[in-house]
Structure formats: structure tokens, C-alpha cells
Protein chains: 2
Amino acid sequence: MSRETGGRRAPTLEDVAARAGVSRATASRVVNEDLRVRPAAREAVLDAVAELGYRPNRAARSLVTREAGSIAVVVPEAEDRVFRDPFFASLLVSITQALADSTVQVLLAMGRPGDGCRKIEKYLRGGGTDGAIVVSHHQDEEIWRALRETRLPAVHVGRPQAGGAGLPYVDMDNEAGGALAAEHLISRGRRRIGTIAGPQDMAPGADRLSGWRRAMRAAGLADDLVEIADFSAESGGERMRRLLRREKGLDAVFVASDLMAVAAIHEIQAAGLQVPEQIAVVGFDDSQAASLSRPSLTTVRNPVDSLATTAVDMLLRLMQGEEAKSVVLDTQLVRRASTDFSVLK
Amino acid sequence: MSRETGGRRAPTLEDVAARAGVSRATASRVVNEDLRVRPAAREAVLDAVAELGYRPNRAARSLVTREAGSIAVVVPEAEDRVFRDPFFASLLVSITQALADSTVQVLLAMGRPGDGCRKIEKYLRGGGTDGAIVVSHHQDEEIWRALRETRLPAVHVGRPQAGGAGLPYVDMDNEAGGALAAEHLISRGRRRIGTIAGPQDMAPGADRLSGWRRAMRAAGLADDLVEIADFSAESGGERMRRLLRREKGLDAVFVASDLMAVAAIHEIQAAGLQVPEQIAVVGFDDSQAASLSRPSLTTVRNPVDSLATTAVDMLLRLMQGEEAKSVVLDTQLVRRASTDFSVLK
DNA sequence: TTGAAAGCGCTAACAA
DNA sequence: TTGTTAGCGCTTTCAA
């Protein structure tokens, strides 16, 4: 695993200093953009750096500064399903982009189901990073304990279930999103509205459902047409069939994820019914699947990008010793053809 | 950015040694599983480690071993489109999972368009990693130069355009995949077959097209119905409209990505034609979009998982000083409803 | 089998 | 403004 496969030794600060005719300390100052260096010396060092192709050794620097220069995106106990989720991919990308300006590197720490998160825990405790962004919808006591004990700055994306060791979090307003969906359907004249919810032990699952409930009751409508699914396309389709069987008069459904919503649309069509003519459908996430679907899917926007930039922002603040308060982001409804006759596709 | 926010100093090897009543060297040997340590001493050290909650400091270790304990997944000059691509997300996940057993950490290094890849280059040169997996369909001279000069073990995912500094690569057989698609359509009795290709300055774009061409000619069919798109859904739909305008007798299309293929299907349907009855469609990638589409999409499987595990395998081998030869993986056709009446969905 | 000691490359007091 | 010096926490000779 040696990096020095027969090559010349990489130039050190010592080499640079020697070549520039200054001390190592001065060379270090130039490299770290310390102001109190005579212009001439500065020039000399910069030249030497360029000529030698010098790059500071991160390990050496980390050792003395006690900063790793990286943050970890932690996904504990991750199932395959989580990863293939476009939400997760987008989040990861947005986080990385948000850090592109800084010198901070992004480390991807994914646990495997079963294995617990021993590897991640070890890494966090070993001082491998300066901070962590935890992405999970489960309780991850071990990770939380490690974060607490190491006092590592950390933020949670998505409201953690049981306190999350007091970590600040960024989340979208799932409850308001669910209400938004219901209100939209009601405003379109629908009355017999069902919902396919996510797992109730996950915050997005529970919150989207309760938002829907609140709006339904506020409008004096029944909130009995509830089916619980698991966010997978299969489960979404299956629950849609149940809903169709349960209620002949059904004229709309709010489905807690786009993926499930697309599957639901297929089932409605397979039953010989039209979307949105007979049954209107609202999804959740505004993922690619929503615009690719036919009819295109009205959905609640999941502000992934803002989620990521806010999380990064909070983490950087925390890393500078400042306070960070949890943030809940607004959601918006994206109107498309699955609830609206006037939209073409 | 200090990690030691008022907390107790993390225990060092020195502390462990003191507590166990041995020297630092012995403690180090135990931690690194060196065999020549007396069982009693071993026990004492292990106990001390447990009691103190000792974790080795990575920076200190790296400094002396000259190993970073991490590999970088490098995505230079990445546009937004690349990231949202499910292929990339799956690849990243598979790479991380493939490394879950090892102690190696995964570092995500994404460049931004325009900015070049100065940050990445700097990092690679700074000894921040022990190896790199480069994911790109462009020429990235700077990165290649950095990799060459640092002699950093590296592999390319996807055949690099212009040599890629002699990096070994893993790729799927895009050419064979294109041929597979054409042959399948021909075997289903289609004769007037068009194609919507990807950009010709990208290997997957060019190779899938040439495979299609080869199979068409081999069957004595005309290969004139070619439209070049850019892998985006919009471009796919637009090129499909052109194809429909160009050739009334069109009875099949091979589209170089699922995303474009789904858009193409929508256009065909919008023109009042049936898939697969009038026009059969084959996509490429076997992404989620393919199974979500109605009719479900026959497509060429992109073996993302094998791509990732093979790349990781090659890299680890390289890091141990062994040789690694480029690998081209086979592809398979996944039959679904867009080319086959007997498939239900 | 063990310990003493040297140093990996860097930053940061402290003095000059 | 500069240089000297002392470590950061660890691995690894080299002797014992």
C-alpha cells in the first residue's frame, strides 16, 4: 500500500525552505498565507514551491493542527433501498457541491445492515474528521453516542426519531407537505380522498400522513382511507389496489412518495380508470420519476438542495464553535397533469 | 474548527502504555496485532485500551506509515446532469459497499465545471489518499498528469478517451450492448430500425452506436436512421419526433439510454402510435426508469455493481504493488414489454 | 519479547 | 519580520 513505489521522495517544507534560503517557519508562513512575511522572502518561497512542485502533507498538518480537513457524510445501517433512492444521491451531491469552495473534503461513511456501524464509529472516534452530517431515518444510538462522546460537531438531515443525542437537524416540513397535498386535492373539488402513507416508524412517513389528516379534518372530510406502505414501488402499487377495492367512490389519492405514486397510477390505469379524470394523484419528492410519468405527477417538492446547503452551513458554523439551531424548510406543491386537466402531459 | 471543544484530551498510546505498565512500543505492537508480544502484556494493553477508550490517531499513523487509509472517488469537471444520473449514484454506493470490509475510507472528490479540478489535484498530490477511482467520460489531462506524477494507484471507470495516462480501466462492452439491442429488434421481425445515440465524443455514445451499426449491416439492413442526442430526456424526446418525421415506416428504435428512451416512448404515444405494436423500443442501462415506464422498457443491462467491485478490486491490487489489466464486462439484454407483446406491463 | 530513541512533516510558541 | 525549538501521536529500527 505504499505510495512511494520507487519514486523520488516528495518535496517537504524543509526542501522548500532550503531552496528559498529561508527557515522552515517562514516557508510555512508563506504557504499558510500568514501576512507578516517580507515580500522578497515570500516571492522566493513561492518560487521554490512552484519549482519543486511542493504540496503540504496533510497528515503532518493534521497532526499538529488537530484538524482533519474533512467532514463525513454518515449513513448508518444503510439498506440497498436507501442508496438507490434518488433523494440520497442528490443530497450527497449537493453536500459535496456546497463544500466545493472550502478546502474541506467529503468522506462517505456508509454502514452495512447488520454490521452495525463499528467501522464508522471507529473512524469518528479516531479523529478522522472534523464534523459529520448524519443521514438516516432510524435511531442510531451507537453513532449518536460516539458523536456525543467525541464532541464532534454534527448535524442530522431529517429529524431524528428519539432526540438524536440532541443533534441539531435540518428537515423539510413533511407535515405541512402532507397538508398541502390534501388541500390541493380538496381545492380541485375532490371529496373522497385516500392516502398511501410511508412506514409510521419513520418521521417522513408519520408526518406526511398526519398533515394529510389535519387538512382532511379541517375541510370536514373523512380521513379513513389510509393504507400504510414502505416507500417501495411494489408496496405502493399493492396498496393502491387495496384502496380501489375498499372504496368505489375514490376520486383522489395522496401518495407519500413519487416512486409509489407512479406505481399507483399504473394500478389505477390497469383498473381501467383515468388519471386525473376519475382519480387525481399527488406524489411527494418531485423526483425525476414525477416528470417522467404519464400523466406527469403533481407532487410536493422535497428541497434537497436547500437541505444540503443548510446542513453544510450549520455544520461549518458548529465547527467554528458557534451555535446552530435546527431548521425546518418549507415545501411547495408542483402542479402537473395528474391532478389537472388543463396541463397537457 | 477545533475538535477539542473544552473536552478532555483523547487518550494516546502513551496513556495506554502507562496504564498497562509497558512501553509505547509494546502498546503499539498490540494495537497493530504484532505477534511477538507476551500474552500477559497483550492482555494488559487490551484492557487499558478498553478502559481508556483509546483509538489510534489517524494523522499520526499516516505520517509515519505514509498511508492515508483512504481512496478517492474522483469526478472531475462534473456537471449537475452527471450527478443526478442514477448510474453515478449506484456506482458510488457500490464502490463504498465493496470497501465496507476493508479499513479503507472513501473520499468523494468532485470537481465543478469551470473550476477545473485544482482542488482535487491538490488533494491527490498532497498525499491525501492511497488510490483513486476516476469516474469520467471526458479527458481530464490535469488529473491524469497528477496521477502519473504522484504514481498514485488509480483506475478509470469507463474507457478513457485519449489513453487516460495509461490508467487501467473497467468498462462495460458498450459496442456489444448496441449490437445486442439491434439484434433483438431484428429477431422480433423489425426491419426499419432507427437509433437515438449519445454524444459522439463520449465513448458510450460512440460505441453503442457503432455496435448498432455493425448488427444492422450484418443483417443487411440500412443504418441511415441515426439521430444524435445528449443523453438528456429532452433531447431524447426531440430526436424521436425527428425520427418519426423522417421515416413513416419506422417500426423500432434503439435509444442509447433509458432516460431518453422513456421520453421517446412518450413522443411515440403522443403521435398516436402504439409501443410495441407499431414501434418497438429498446433502451440502455436498466435503470429504475426502465421498469417504471409503461410499457416497461426492454433495455441493455449496465452492470454497475460489477463495474464497481471490479474497479475496487483492481485498485486494491494496484495498491499492493501488483499489476492490473483493464477489464471489459459483458452486457445482457433485459426483455420487457416495449419490444414484446407477450409481456404484460 | 521488550524498551529507548529517532523521526515522519508540519505548525506555533517564543526569542531575537 | 525572522529563526530556533519543541512538540503533535505514532511506528519502527536497533539494542538489550
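A, B, ... follow the sequence lines: proteins, then strands. Residue 1 opens every chain.
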Problem - Nearest heavy-atom neighbours spanning T12(A) and Y54(A) - result: C-CE1, 3.5 Å
Please determine whether a side-chain nitrogen or oxygen atom of [X] lies at a distance below 4.0 Å from atom OP1 or OP2 of [N].
X      : N       : answer
N57(B) : dC8(D)  : no
S23(B) : dT2(C)  : no
R38(B) : dT2(C)  : yes
R61(A) : dT11(C) : yes

May I have the distance from [X] (atom [atom1]) to [N] (atom [atom2]), rounded to whole angstrom?
X      : N       : atom1 : atom2 : value
E67(A) : dT11(C) : CD    : C1'   : 11 Å
E14(A) : dT4(D)  : CD    : P     : 11 Å
R58(B) : dC8(D)  : CZ    : P     : 21 Å
R66(B) : dT12(D) : CZ    : C1'   : 14 Å
D15(A) : dC10(C) : CG    : C1'   : 13 Å
D34(A) : dA13(C) : CG    : C1'   : 13 Å

Choosing from [options], which nucleotide comes nearest the side chain of [X]?
X      : options                  : result
A25(B) : dG9(D), dC10(C), dT12(D) : dT12(D)
R24(A) : dG3(C), dA12(C), dC10(C) : dC10(C)
L63(A) : dT2(C), dG9(D), dG3(D)   : dG9(D)
T26(B) : dT1(C), dG3(C), dT2(D)   : dG3(C)

Problem - Nearest-nucleotide comparison on DNA chain D, the residue closer to the 5′ end among A59(B) and R29(B) - result: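 Going by which nucleotide is closer to the 5' end, it is A59(B).
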Practice task
Assign V22(B) to base, sugar-phosphate, or nothing according to its heavy-atom contacts below 4.0 angstrom with the strands shown.
Solution key: sugar-phosphate
Practice task
For S28(B), answer base if it contacts any base atom (sugar-phosphate contacts may also be present), sugar-phosphate if it contacts only those atoms, and nothing otherwise; contact means non-hydrogen atoms under 4.0 Å.
Solution key: base
Practice task
Answer yes or no: is there a donor N or O on one side and an acceptor on the other, between the side chain of N57(A) and the main chain of A59(A), under 3.5 Å?
Solution key: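 Yes: the side chain of N57(A) pairs with the backbone of A59(A).
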Practice task
Using modelled atom types only, decide if a donor and an acceptor are shared between the side chain of T129(A) and the backbone of A72(A) within a distance under 3.5 Å.
Solution key: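 Checking the backbone N and O of A72(A) against the side chain of T129(A), no donor-acceptor pair under 3.5 Å is found.
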Completion exercise
Ranking P56(A) and G21(B) by the position along DNA chain C of their nearest nucleotide, the one closer to 5' is G21(B)
Practice task
Between R36(A) and L13(A), name the one whose nearest nucleotide on DNA chain C is closer to the 5' end.
Solution key: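 Nearest-nucleotide comparison on DNA chain C picks L13(A).
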Handout entry: Atom pair OG/CH2 of S136(A) and W144(A) - distance to nearest 0.5 Å
Key = 7.0 Å
Exercise for the section: Rounded to the nearest 0.5 Å, what's the gap from CZ on F87(A) to CG on L307(A)? Could you check? Expected result: 5.5 Å
